[in-house]
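For reference, the structure discussed in these notes is given below.
To find a chain, count down the sequence lines: A is the first, B the second, and so on, and within it residues start at 1. Everything numeric here is computed off the predicted structure, so don't read it as measured data.
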Protein chains: 2
Amino acid sequence: MKLKLNSITANQNGKELYSENEIILRKTLDKFNVLNDTEFSDFLNVCKYKEFAKKQYLLKSGNYNHGIYFLISGAVGLFELIDGKEMYQNFFLESEFANELKSLTTQTPSTKNLIALSDTTLFYLNRKELLELYEKSVSFERLGRKLLEHLLNGQNEISYVLQSLKPEERYAYLENKRPNLLNTIPLTYLASYLGLARETLSRIRAKR
Amino acid sequence: MKLKLNSITANQNGKELYSENEIILRKTLDKFNVLNDTEFSDFLNVCKYKEFAKKQYLLKSGNYNHGIYFLISGAVGLFELIDGKEMYQNFFLESEFANELKSLTTQTPSTKNLIALSDTTLFYLNRKELLELYEKSVSFERLGRKLLEHLLNGQNEISYVLQSLKPEERYAYLENKRPNLLNTIPLTYLASYLGLARETLSRIRAKR
DNA sequence: GAAAATCTGTGACCAAAATCACAATCCAAT
DNA sequence: ATTGGATTGTGATTTTGGTCACAGATTTTC
(Lines give C-alpha, C1' and ligand atoms only; values in the text may rest on other atoms or scores of the structure.)
Protein backbone atom coordinates (compact mmCIF):
# COMPACT_ATOMS: atom_id res chain seq x y z
CA MET A 1 0.00 0.00 0.00
CA LYS A 2 1.47 3.24 -1.20
CA LEU A 3 -0.05 6.67 -0.51
CA LYS A 4 0.95 10.15 -1.63
CA LEU A 5 2.08 12.59 1.03
CA ASN A 6 0.82 16.16 1.14
CA SER A 7 3.11 18.62 -0.56
CA ILE A 8 2.81 22.27 0.33
CA THR A 9 2.16 25.00 -2.22
CA ALA A 10 2.00 28.75 -1.79
CA ASN A 11 -0.77 30.88 -3.30
CA GLN A 12 -0.12 34.07 -5.28
CA ASN A 13 0.59 36.49 -2.48
CA GLY A 14 2.34 33.98 -0.33
CA LYS A 15 0.29 34.85 2.75
CA GLU A 16 -1.36 31.47 3.09
CA LEU A 17 -0.21 27.99 2.30
CA TYR A 18 -2.38 25.32 0.80
CA SER A 19 -1.40 21.75 0.20
CA GLU A 20 -2.13 20.14 -3.16
CA ASN A 21 -5.00 18.28 -1.55
CA GLU A 22 -6.50 21.45 -0.24
CA ILE A 23 -6.30 22.99 -3.70
CA ILE A 24 -8.23 20.05 -5.16
CA LEU A 25 -10.93 20.64 -2.55
CA ARG A 26 -10.95 24.38 -3.19
CA LYS A 27 -11.38 23.92 -6.93
CA THR A 28 -14.27 21.54 -6.41
CA LEU A 29 -16.05 23.81 -3.97
CA ASP A 30 -15.45 26.86 -6.18
CA LYS A 31 -17.79 25.30 -8.75
CA PHE A 32 -20.61 26.07 -6.36
CA ASN A 33 -19.47 29.67 -6.17
CA VAL A 34 -20.27 30.16 -2.50
CA LEU A 35 -17.33 30.22 -0.10
CA ASN A 36 -14.91 33.13 0.24
CA ASP A 37 -11.33 32.70 1.49
CA THR A 38 -12.05 32.84 5.19
CA GLU A 39 -15.04 30.53 4.87
CA PHE A 40 -12.92 28.06 2.97
CA SER A 41 -10.40 28.20 5.80
CA ASP A 42 -13.17 27.45 8.28
CA PHE A 43 -14.17 24.52 6.11
CA LEU A 44 -10.61 23.25 5.96
CA ASN A 45 -10.29 23.46 9.71
CA VAL A 46 -12.88 20.74 10.20
CA CYS A 47 -11.47 18.51 7.44
CA LYS A 48 -9.40 15.65 8.76
CA TYR A 49 -7.02 14.04 6.31
CA LYS A 50 -7.30 10.25 6.34
CA GLU A 51 -6.07 7.25 4.43
CA PHE A 52 -7.88 4.01 3.79
CA ALA A 53 -6.34 0.87 2.39
CA LYS A 54 -8.18 -1.11 -0.26
CA LYS A 55 -11.01 -3.16 1.28
CA GLN A 56 -11.13 -1.02 4.39
CA TYR A 57 -14.59 0.08 5.47
CA LEU A 58 -15.45 3.76 5.89
CA LEU A 59 -18.90 2.78 7.14
CA LYS A 60 -20.32 -0.60 8.09
CA SER A 61 -24.01 -1.41 8.00
CA GLY A 62 -25.53 -1.47 11.46
CA ASN A 63 -23.37 1.42 12.58
CA TYR A 64 -24.26 5.09 12.59
CA ASN A 65 -22.86 7.25 9.87
CA HIS A 66 -20.87 10.06 11.44
CA GLY A 67 -19.85 12.18 8.49
CA ILE A 68 -19.03 12.64 4.84
CA TYR A 69 -15.85 12.17 2.85
CA PHE A 70 -14.20 14.22 0.16
CA LEU A 71 -12.02 11.96 -1.99
CA ILE A 72 -8.57 13.20 -2.89
CA SER A 73 -7.51 9.99 -4.60
CA GLY A 74 -8.72 6.44 -4.90
CA ALA A 75 -12.21 5.02 -5.10
CA VAL A 76 -15.04 4.33 -2.67
CA GLY A 77 -18.11 2.17 -3.19
CA LEU A 78 -21.52 2.39 -1.54
CA PHE A 79 -23.26 -0.94 -1.32
CA GLU A 80 -26.01 -2.80 0.48
CA LEU A 81 -26.25 -6.51 1.15
CA ILE A 82 -29.44 -7.85 -0.44
CA ASP A 83 -30.11 -11.61 -0.46
CA GLY A 84 -26.45 -12.11 0.28
CA LYS A 85 -25.42 -10.07 -2.75
CA GLU A 86 -23.45 -6.87 -2.62
CA MET A 87 -25.57 -4.39 -4.54
CA TYR A 88 -23.48 -1.33 -5.33
CA GLN A 89 -25.54 1.84 -5.27
CA ASN A 90 -22.84 4.37 -6.05
CA PHE A 91 -19.15 4.86 -6.67
CA PHE A 92 -17.05 7.84 -5.71
CA LEU A 93 -13.79 8.88 -7.34
CA GLU A 94 -11.42 11.76 -6.71
CA SER A 95 -12.93 15.21 -6.15
CA GLU A 96 -16.29 13.69 -5.23
CA PHE A 97 -18.10 13.61 -1.90
CA ALA A 98 -18.65 10.05 -0.76
CA ASN A 99 -21.85 10.11 1.22
CA GLU A 100 -24.56 8.01 2.73
CA LEU A 101 -27.28 10.46 3.68
CA LYS A 102 -30.05 8.34 5.15
CA SER A 103 -28.20 7.41 8.31
CA LEU A 104 -26.38 10.73 8.45
CA THR A 105 -29.52 12.87 8.36
CA THR A 106 -31.94 10.68 10.28
CA GLN A 107 -29.38 9.34 12.77
CA THR A 108 -30.50 5.76 12.44
CA PRO A 109 -28.21 2.74 11.95
CA SER A 110 -27.04 2.50 8.36
CA THR A 111 -28.23 -0.31 6.12
CA LYS A 112 -25.42 0.52 3.74
CA ASN A 113 -21.67 0.20 3.62
CA LEU A 114 -18.94 2.48 2.37
CA ILE A 115 -15.78 0.67 1.36
CA ALA A 116 -12.48 1.69 -0.20
CA LEU A 117 -12.16 -0.09 -3.55
CA SER A 118 -8.54 0.95 -3.86
CA ASP A 119 -6.08 2.73 -1.62
CA THR A 120 -7.77 6.01 -0.92
CA THR A 121 -6.88 9.41 0.53
CA LEU A 122 -9.59 11.80 1.61
CA PHE A 123 -10.82 14.53 3.88
CA TYR A 124 -13.28 13.46 6.53
CA LEU A 125 -15.96 15.82 7.79
CA ASN A 126 -17.52 14.97 11.08
CA ARG A 127 -21.30 15.32 11.30
CA LYS A 128 -21.18 17.44 14.44
CA GLU A 129 -18.68 19.85 12.96
CA LEU A 130 -20.66 19.96 9.73
CA LEU A 131 -23.73 21.04 11.68
CA GLU A 132 -21.61 23.67 13.43
CA LEU A 133 -20.56 25.03 10.05
CA TYR A 134 -24.22 25.27 9.10
CA GLU A 135 -24.74 27.39 12.22
CA LYS A 136 -21.68 29.50 11.60
CA SER A 137 -22.55 31.07 8.26
CA VAL A 138 -25.30 31.06 5.67
CA SER A 139 -22.64 30.24 3.10
CA PHE A 140 -22.32 26.71 4.41
CA GLU A 141 -26.07 26.21 4.30
CA ARG A 142 -26.00 27.45 0.72
CA LEU A 143 -23.13 25.17 -0.17
CA GLY A 144 -24.99 22.24 1.34
CA ARG A 145 -28.16 23.17 -0.50
CA LYS A 146 -26.37 23.45 -3.83
CA LEU A 147 -24.44 20.26 -3.32
CA LEU A 148 -27.67 18.44 -2.54
CA GLU A 149 -29.34 19.86 -5.65
CA HIS A 150 -26.43 18.50 -7.64
CA LEU A 151 -26.60 15.10 -5.97
CA LEU A 152 -30.35 14.87 -6.44
CA ASN A 153 -30.08 15.66 -10.14
CA GLY A 154 -27.56 12.87 -10.43
CA GLN A 155 -29.72 10.42 -8.51
CA ASN A 156 -32.72 11.25 -10.67
CA GLU A 157 -30.63 10.33 -13.67
CA ILE A 158 -29.66 6.97 -12.16
CA SER A 159 -33.31 6.19 -11.50
CA TYR A 160 -34.10 7.04 -15.11
CA VAL A 161 -31.38 4.65 -16.29
CA LEU A 162 -32.69 1.81 -14.14
CA GLN A 163 -36.31 2.49 -15.01
CA SER A 164 -36.12 3.04 -18.74
CA LEU A 165 -32.92 1.80 -20.35
CA LYS A 166 -32.09 -1.65 -21.72
CA PRO A 167 -28.85 -3.36 -20.62
CA GLU A 168 -26.82 -2.15 -23.60
CA GLU A 169 -28.09 1.38 -23.15
CA ARG A 170 -27.15 1.28 -19.49
CA TYR A 171 -23.61 0.38 -20.39
CA ALA A 172 -23.54 3.18 -22.97
CA TYR A 173 -24.72 5.54 -20.25
CA LEU A 174 -21.70 4.64 -18.14
CA GLU A 175 -19.37 5.08 -21.10
CA ASN A 176 -20.71 8.58 -21.66
CA LYS A 177 -21.39 9.88 -18.20
CA ARG A 178 -18.93 8.13 -15.96
CA PRO A 179 -16.20 6.67 -18.19
CA ASN A 180 -13.67 6.62 -15.36
CA LEU A 181 -15.69 3.97 -13.59
CA LEU A 182 -15.02 1.52 -16.41
CA ASN A 183 -11.29 1.54 -15.75
CA THR A 184 -11.29 1.63 -12.00
CA ILE A 185 -14.27 -0.44 -10.84
CA PRO A 186 -14.55 -4.24 -11.30
CA LEU A 187 -17.17 -5.28 -13.82
CA THR A 188 -18.91 -7.37 -11.21
CA TYR A 189 -19.65 -4.30 -9.13
CA LEU A 190 -20.66 -2.22 -12.12
CA ALA A 191 -23.16 -4.91 -13.08
CA SER A 192 -24.93 -4.69 -9.73
CA TYR A 193 -24.89 -0.90 -9.97
CA LEU A 194 -26.67 -1.12 -13.33
CA GLY A 195 -29.14 -3.71 -12.07
CA LEU A 196 -27.76 -6.43 -14.34
CA ALA A 197 -26.31 -9.89 -13.97
CA ARG A 198 -22.54 -9.96 -14.11
CA GLU A 199 -22.66 -12.27 -17.12
CA THR A 200 -24.93 -9.94 -19.05
CA LEU A 201 -22.56 -7.02 -18.65
CA SER A 202 -19.60 -9.19 -19.57
CA ARG A 203 -21.30 -10.16 -22.83
CA ILE A 204 -22.20 -6.59 -23.65
CA ARG A 205 -18.62 -5.54 -23.23
CA ALA A 206 -17.39 -8.46 -25.35
CA LYS A 207 -19.42 -7.13 -28.27
CA ARG A 208 -17.37 -3.89 -28.44
CA MET B 1 -64.47 20.56 -12.49
CA LYS B 2 -65.08 21.41 -8.87
CA LEU B 3 -62.53 23.07 -6.60
CA LYS B 4 -62.63 23.99 -2.92
CA LEU B 5 -62.53 27.65 -1.99
CA ASN B 6 -60.27 28.95 0.75
CA SER B 7 -61.99 29.22 4.08
CA ILE B 8 -60.52 31.52 6.69
CA THR B 9 -59.52 30.35 10.15
CA ALA B 10 -58.24 32.35 13.12
CA ASN B 11 -55.32 31.18 15.25
CA GLN B 12 -55.37 31.13 19.03
CA ASN B 13 -54.83 34.80 19.82
CA GLY B 14 -56.80 35.97 16.84
CA LYS B 15 -54.08 38.36 15.71
CA GLU B 16 -53.43 36.67 12.40
CA LEU B 17 -55.64 34.86 10.00
CA TYR B 18 -54.65 31.78 8.08
CA SER B 19 -56.69 29.97 5.50
CA GLU B 20 -57.06 26.20 5.71
CA ASN B 21 -54.63 25.89 2.83
CA GLU B 22 -52.05 27.95 4.60
CA ILE B 23 -52.39 25.79 7.69
CA ILE B 24 -51.69 22.69 5.62
CA LEU B 25 -48.54 24.34 4.34
CA ARG B 26 -47.53 25.45 7.80
CA LYS B 27 -47.90 21.96 9.23
CA THR B 28 -45.79 20.49 6.47
CA LEU B 29 -43.01 23.03 6.85
CA ASP B 30 -43.06 22.70 10.63
CA LYS B 31 -41.79 19.16 10.22
CA PHE B 32 -38.48 20.66 9.18
CA ASN B 33 -38.48 22.76 12.31
CA VAL B 34 -36.93 25.83 10.72
CA LEU B 35 -39.25 28.77 10.09
CA ASN B 36 -40.61 31.07 12.78
CA ASP B 37 -43.88 33.00 12.40
CA THR B 38 -42.51 35.97 10.52
CA GLU B 39 -40.46 33.79 8.22
CA PHE B 40 -43.50 31.71 7.45
CA SER B 41 -45.34 34.90 6.57
CA ASP B 42 -42.53 35.84 4.20
CA PHE B 43 -42.83 32.42 2.67
CA LEU B 44 -46.57 32.78 2.28
CA ASN B 45 -46.17 36.13 0.59
CA VAL B 46 -44.45 34.57 -2.39
CA CYS B 47 -46.91 31.66 -2.62
CA LYS B 48 -49.48 32.10 -5.35
CA TYR B 49 -52.63 30.04 -5.07
CA LYS B 50 -53.45 28.29 -8.34
CA GLU B 51 -55.83 25.71 -9.68
CA PHE B 52 -55.18 23.18 -12.41
CA ALA B 53 -57.80 21.04 -14.11
CA LYS B 54 -57.12 17.39 -14.76
CA LYS B 55 -54.74 16.92 -17.72
CA GLN B 56 -53.48 20.48 -17.52
CA TYR B 57 -49.70 20.84 -17.74
CA LEU B 58 -47.76 22.59 -14.99
CA LEU B 59 -44.60 22.19 -17.04
CA LYS B 60 -44.10 21.06 -20.61
CA SER B 61 -40.89 19.52 -21.91
CA GLY B 62 -38.89 21.97 -23.98
CA ASN B 63 -39.87 24.84 -21.71
CA TYR B 64 -37.95 26.23 -18.80
CA ASN B 65 -39.10 25.32 -15.34
CA HIS B 66 -39.87 28.47 -13.42
CA GLY B 67 -40.74 27.25 -9.96
CA ILE B 68 -41.99 24.61 -7.58
CA TYR B 69 -45.45 23.66 -6.41
CA PHE B 70 -46.88 22.78 -3.03
CA LEU B 71 -49.95 20.60 -3.48
CA ILE B 72 -53.00 21.42 -1.39
CA SER B 73 -55.23 18.87 -3.04
CA GLY B 74 -55.20 16.67 -6.10
CA ALA B 75 -52.35 14.82 -7.80
CA VAL B 76 -49.49 15.74 -10.10
CA GLY B 77 -47.33 13.42 -12.20
CA LEU B 78 -43.78 13.90 -13.42
CA PHE B 79 -43.07 12.08 -16.65
CA GLU B 80 -40.73 11.95 -19.59
CA LEU B 81 -41.50 10.78 -23.12
CA ILE B 82 -39.19 7.90 -24.00
CA ASP B 83 -39.67 6.01 -27.27
CA GLY B 84 -43.14 7.50 -27.43
CA LYS B 85 -44.00 6.14 -23.98
CA GLU B 86 -44.88 8.29 -21.01
CA MET B 87 -42.50 7.15 -18.33
CA TYR B 88 -43.68 8.45 -14.97
CA GLN B 89 -40.79 9.29 -12.68
CA ASN B 90 -42.74 10.57 -9.71
CA PHE B 91 -46.16 11.37 -8.31
CA PHE B 92 -47.08 14.14 -5.93
CA LEU B 93 -50.12 14.20 -3.68
CA GLU B 94 -51.41 16.70 -1.15
CA SER B 95 -48.86 18.28 1.22
CA GLU B 96 -46.01 17.39 -1.11
CA PHE B 97 -43.73 19.61 -3.17
CA ALA B 98 -44.07 18.83 -6.86
CA ASN B 99 -40.70 19.56 -8.36
CA GLU B 100 -38.50 19.09 -11.38
CA LEU B 101 -35.07 20.19 -10.25
CA LYS B 102 -32.84 19.67 -13.27
CA SER B 103 -34.32 22.46 -15.33
CA LEU B 104 -35.00 24.62 -12.28
CA THR B 105 -31.44 24.56 -10.97
CA THR B 106 -29.49 24.49 -14.22
CA GLN B 107 -31.86 26.75 -16.17
CA THR B 108 -31.93 24.55 -19.23
CA PRO B 109 -35.06 23.47 -21.13
CA SER B 110 -36.84 20.67 -19.30
CA THR B 111 -36.92 17.17 -20.76
CA LYS B 112 -39.73 16.38 -18.36
CA ASN B 113 -43.39 17.23 -17.91
CA LEU B 114 -45.48 18.01 -14.88
CA ILE B 115 -49.16 17.28 -15.36
CA ALA B 116 -52.23 17.39 -13.14
CA LEU B 117 -53.64 13.87 -12.88
CA SER B 118 -56.80 15.14 -11.23
CA ASP B 119 -58.20 18.58 -10.46
CA THR B 120 -55.51 20.13 -8.32
CA THR B 121 -55.10 23.13 -6.05
CA LEU B 122 -51.66 24.31 -5.04
CA PHE B 123 -49.31 27.09 -4.08
CA TYR B 124 -46.86 28.12 -6.76
CA LEU B 125 -43.42 29.43 -5.86
CA ASN B 126 -41.64 31.37 -8.51
CA ARG B 127 -37.93 30.59 -8.97
CA LYS B 128 -36.87 34.22 -8.75
CA GLU B 129 -38.79 34.78 -5.53
CA LEU B 130 -37.45 31.53 -4.14
CA LEU B 131 -33.90 32.75 -4.75
CA GLU B 132 -34.81 36.02 -3.06
CA LEU B 133 -35.99 34.08 -0.01
CA TYR B 134 -32.64 32.30 0.04
CA GLU B 135 -30.98 35.73 0.17
CA LYS B 136 -33.34 37.04 2.79
CA SER B 137 -32.65 34.66 5.66
CA VAL B 138 -30.51 31.66 6.49
CA SER B 139 -33.71 29.91 7.55
CA PHE B 140 -34.82 29.54 3.95
CA GLU B 141 -31.47 28.12 2.94
CA ARG B 142 -31.78 25.68 5.82
CA LEU B 143 -35.30 24.76 4.84
CA GLY B 144 -34.14 24.17 1.28
CA ARG B 145 -31.24 22.08 2.45
CA LYS B 146 -33.38 19.92 4.69
CA LEU B 147 -36.06 19.50 2.06
CA LEU B 148 -33.42 18.39 -0.42
CA GLU B 149 -31.98 15.91 2.07
CA HIS B 150 -35.46 14.48 2.43
CA LEU B 151 -36.01 14.33 -1.32
CA LEU B 152 -32.64 12.72 -1.92
CA ASN B 153 -33.30 10.03 0.67
CA GLY B 154 -36.55 9.28 -1.13
CA GLN B 155 -34.90 9.17 -4.53
CA ASN B 156 -32.21 6.82 -3.24
CA GLU B 157 -34.98 4.50 -2.15
CA ILE B 158 -36.62 4.55 -5.58
CA SER B 159 -33.30 3.69 -7.18
CA TYR B 160 -32.94 0.77 -4.79
CA VAL B 161 -36.40 -0.48 -5.74
CA LEU B 162 -35.63 -0.32 -9.46
CA GLN B 163 -32.19 -1.83 -9.06
CA SER B 164 -32.86 -4.67 -6.68
CA LEU B 165 -36.51 -5.64 -6.35
CA LYS B 166 -38.56 -8.07 -8.41
CA PRO B 167 -41.92 -6.97 -9.83
CA GLU B 168 -43.96 -8.33 -6.93
CA GLU B 169 -41.63 -6.74 -4.41
CA ARG B 170 -41.93 -3.43 -6.21
CA TYR B 171 -45.69 -3.55 -5.89
CA ALA B 172 -45.34 -4.45 -2.21
CA TYR B 173 -43.07 -1.45 -1.81
CA LEU B 174 -45.82 0.83 -3.12
CA GLU B 175 -48.39 -0.79 -0.86
CA ASN B 176 -46.19 -0.08 2.14
CA LYS B 177 -44.55 3.20 1.38
CA ARG B 178 -47.02 5.06 -0.80
CA PRO B 179 -50.40 3.34 -0.42
CA ASN B 180 -52.30 6.46 -1.48
CA LEU B 181 -50.88 6.15 -4.97
CA LEU B 182 -52.73 2.87 -5.47
CA ASN B 183 -56.11 4.55 -5.15
CA THR B 184 -55.43 7.76 -7.00
CA ILE B 185 -53.03 6.92 -9.84
CA PRO B 186 -53.99 4.75 -12.83
CA LEU B 187 -52.27 1.38 -12.87
CA THR B 188 -50.81 2.13 -16.28
CA TYR B 189 -48.83 5.04 -14.89
CA LEU B 190 -47.80 3.14 -11.78
CA ALA B 191 -46.42 0.39 -13.99
CA SER B 192 -44.10 2.79 -15.82
CA TYR B 193 -43.07 4.29 -12.48
CA LEU B 194 -42.03 0.84 -11.28
CA GLY B 195 -40.26 0.01 -14.53
CA LEU B 196 -42.76 -2.72 -15.41
CA ALA B 197 -45.09 -3.53 -18.28
CA ARG B 198 -48.69 -2.56 -17.61
CA GLU B 199 -49.77 -6.18 -18.04
CA THR B 200 -47.27 -7.43 -15.49
CA LEU B 201 -48.56 -5.07 -12.83
CA SER B 202 -52.15 -5.96 -13.68
CA ARG B 203 -51.39 -9.65 -13.13
CA ILE B 204 -49.63 -8.99 -9.86
CA ARG B 205 -52.62 -7.11 -8.56
CA ALA B 206 -55.00 -9.84 -9.73
CA LYS B 207 -53.19 -12.33 -7.47
CA ARG B 208 -54.20 -10.41 -4.31
C1' DG C 1 -77.25 9.59 -22.74
C1' DA C 2 -74.53 8.11 -26.69
C1' DA C 3 -70.02 8.06 -28.51
C1' DA C 4 -65.31 8.28 -27.83
C1' DA C 5 -61.44 7.83 -25.28
C1' DT C 6 -59.04 5.86 -21.58
C1' DC C 7 -58.01 2.26 -18.64
C1' DT C 8 -57.83 -2.67 -17.16
C1' DG C 9 -57.80 -7.78 -17.57
C1' DT C 10 -56.24 -11.96 -19.66
C1' DG C 11 -54.60 -15.41 -22.78
C1' DA C 12 -50.84 -16.98 -26.13
C1' DC C 13 -46.39 -16.36 -27.51
C1' DC C 14 -41.64 -14.80 -27.55
C1' DA C 15 -37.32 -12.94 -26.34
C1' DA C 16 -34.16 -11.10 -23.36
C1' DA C 17 -31.80 -11.67 -19.54
C1' DA C 18 -31.03 -14.57 -15.29
C1' DT C 19 -29.15 -18.64 -13.66
C1' DC C 20 -25.99 -22.44 -13.63
C1' DA C 21 -21.59 -24.43 -14.45
C1' DC C 22 -16.94 -24.36 -15.25
C1' DA C 23 -12.71 -22.70 -17.27
C1' DA C 24 -9.45 -19.08 -17.80
C1' DT C 25 -7.18 -14.82 -16.11
C1' DC C 26 -5.64 -11.66 -13.31
C1' DC C 27 -3.96 -10.01 -8.84
C1' DA C 28 -2.26 -10.00 -4.22
C1' DA C 29 0.36 -11.94 -0.52
C1' DT C 30 3.74 -14.71 1.31
C1' DA D 1 7.88 -17.90 -8.04
C1' DT D 2 3.74 -20.13 -6.14
C1' DT D 3 -0.46 -20.41 -3.92
C1' DG D 4 -5.01 -18.78 -3.18
C1' DG D 5 -8.56 -15.58 -3.94
C1' DA D 6 -10.97 -12.59 -6.76
C1' DT D 7 -12.51 -11.47 -11.21
C1' DT D 8 -13.92 -12.36 -15.91
C1' DG D 9 -15.49 -15.04 -20.05
C1' DT D 10 -18.58 -18.16 -22.23
C1' DG D 11 -21.62 -21.91 -23.31
C1' DA D 12 -26.14 -24.34 -22.17
C1' DT D 13 -30.51 -23.95 -20.06
C1' DT D 14 -34.38 -21.84 -17.77
C1' DT D 15 -37.45 -18.46 -16.53
C1' DT D 16 -39.36 -14.22 -16.04
C1' DG D 17 -41.37 -10.62 -17.74
C1' DG D 18 -42.28 -8.20 -22.24
C1' DT D 19 -44.98 -8.02 -26.39
C1' DC D 20 -49.09 -8.74 -29.04
C1' DA D 21 -53.95 -9.05 -29.46
C1' DC D 22 -58.41 -8.30 -28.15
C1' DA D 23 -62.33 -7.97 -24.98
C1' DG D 24 -64.55 -5.56 -21.02
C1' DA D 25 -65.06 -1.91 -18.08
C1' DT D 26 -64.89 2.66 -16.70
C1' DT D 27 -64.62 7.70 -17.52
C1' DT D 28 -64.92 11.65 -20.09
C1' DT D 29 -66.93 14.63 -23.48
C1' DC D 30 -70.19 16.70 -26.34
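Sequence neighbours left out, the pairs with a member in residues 159-208 of chain A that pass ring pair (Phe, Tyr, Trp, His ring centres under 6.0 Å) are A:Tyr88-A:Tyr189, A:Phe91-A:Tyr193. Within the structure, salt bridge (charged side-chain N to carboxylate O under 4.0 Å, His left out) pairs that include any residue of residues 174-187 of chain A comprise A:Glu96-A:Arg178, A:Glu157-A:Lys177, A:Glu175-A:Arg208 (at least two apart or interchain).
Salt bridge B:Glu132/B:Lys128: present, at least one basic N to carboxylate O contact under 4.0 Å. Ion pairing between B:Glu22 and B:Arg26 fails under the 4.0 Å rule for side-chain N and carboxylate O.
The nearest whole Å value for the distance from the OH atom in B:Tyr88 to the P atom in C:dT6 is 12 Å. In this structure, the NZ atom of B:Lys207 is 11 Å from the C1' atom of D:dT16, given to the nearest Å. One atom, CG of A:Asn183, and another, C1' of D:dT7, lie 16 Å apart when rounded to the nearest Å. Atom CG of A:Leu196 and atom P of D:dG9 are 14 Å apart (whole Å). Atom CD1 in A:Ile204 sits about 13 Å away from atom C1' in C:dA18, given to the nearest Å. Rounded to an integer number of Å, the gap from B:Lys166 NZ to D:dG18 C1' is 17 Å. Distance A:Glu169 CD to C:dA16 P: 13 Å, rounded to the nearest Å. In this entry the distance linking CE of A:Met87 with P of C:dA18 reads 10 Å, nearest Å.
Against DNA chain C, the stretch residues 170-181 of chain A makes no heavy-atom approach under 4.0 Å.
Taking CD of A:Gln163 as the reference point, atom CD1 of A:Ile158 lies at 13.0 Å (rounded to 0.5 Å).
Checking C:dA18, D:dT7, D:dG18 against every side-chain atom of A:Pro186, the shortest atom distance belongs to D:dT7.
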>> One character per nucleotide, please: for nucleotides 9-15 of chain C, 5' to 3', B when the base has a protein heavy atom closer than 4.0 Å, S when only the sugar-phosphate does, - otherwise.
In response: BBBB---
>> Does the protein touch nucleotides 24-30 of chain D at the base, only the backbone, or not at all? Give it as B, S and - per nucleotide, heavy atoms under 4.0 Å.
In response: ----S--
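With sequence neighbours excluded, no residue forms a side chain to side chain donor-acceptor pair (under 3.5 Å) with B:Lys60. Partners of B:Ser164 by side chain to side chain donor-acceptor pair (under 3.5 Å), not counting sequence neighbours: none found. Here A:Phe70 pairs with A:Phe97 under the ring pair (Phe, Tyr, Trp, His ring centres under 6.0 Å) rule; sequence neighbours left out. Scanning for ring pair (Phe, Tyr, Trp, His ring centres under 6.0 Å) contacts around A:Tyr57 gives an empty result, with sequence neighbours left out. For B:Lys146, there are no side chain to side chain donor-acceptor pair (under 3.5 Å) partners at least two apart in sequence or on another chain.
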Output side-chain donor-acceptor pairs under 3.5 Å for residues 61-69 of chain B, partner residues at least two apart or in another chain, one line each.
| unit_1 | atom_1 | unit_2 | atom_2 | d |
| --- | --- | --- | --- | --- |
| B:Asn65 | OD1 | B:Gly67 | N | 3.2 |
| B:Asn65 | ND2 | B:Glu100 | O | 2.6 |
| B:Asn65 | ND2 | B:Glu100 | OE1 | 3.4 |
| B:Tyr69 | OH | B:Leu58 | O | 3.2 |

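Taking the ring axis of A:Tyr134 as reference, the NZ or CZ atom of B:Arg145 stays within 45° of it and closer than 6.0 Å to the ring centre. Remark: B:Lys50 is positioned above the aromatic ring of B:Tyr124, its terminal NZ or CZ atom under 6.0 angstrom from the ring centre and at most 45 degrees off the axis.
In the helix from C:dG1-D:dC30 to C:dT30-D:dA1, the rotation axis of the first five pairs and that of the last five pairs differ in direction by 60°, rounded to 10 degrees.
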> Can B:Lys136 and B:Glu39 be said to form a salt bridge (Lys or Arg N to Asp or Glu O under 4.0 Å), step by step?
Replying inline: CA-CA 10 Å; B:Lys136 196 167 195 167; B:Glu39 287 161 350; over 6 Å; no
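Note on A:Tyr189: every side-chain N or O is 4.0 Å or more away from OP1 and OP2 of D:dA6.
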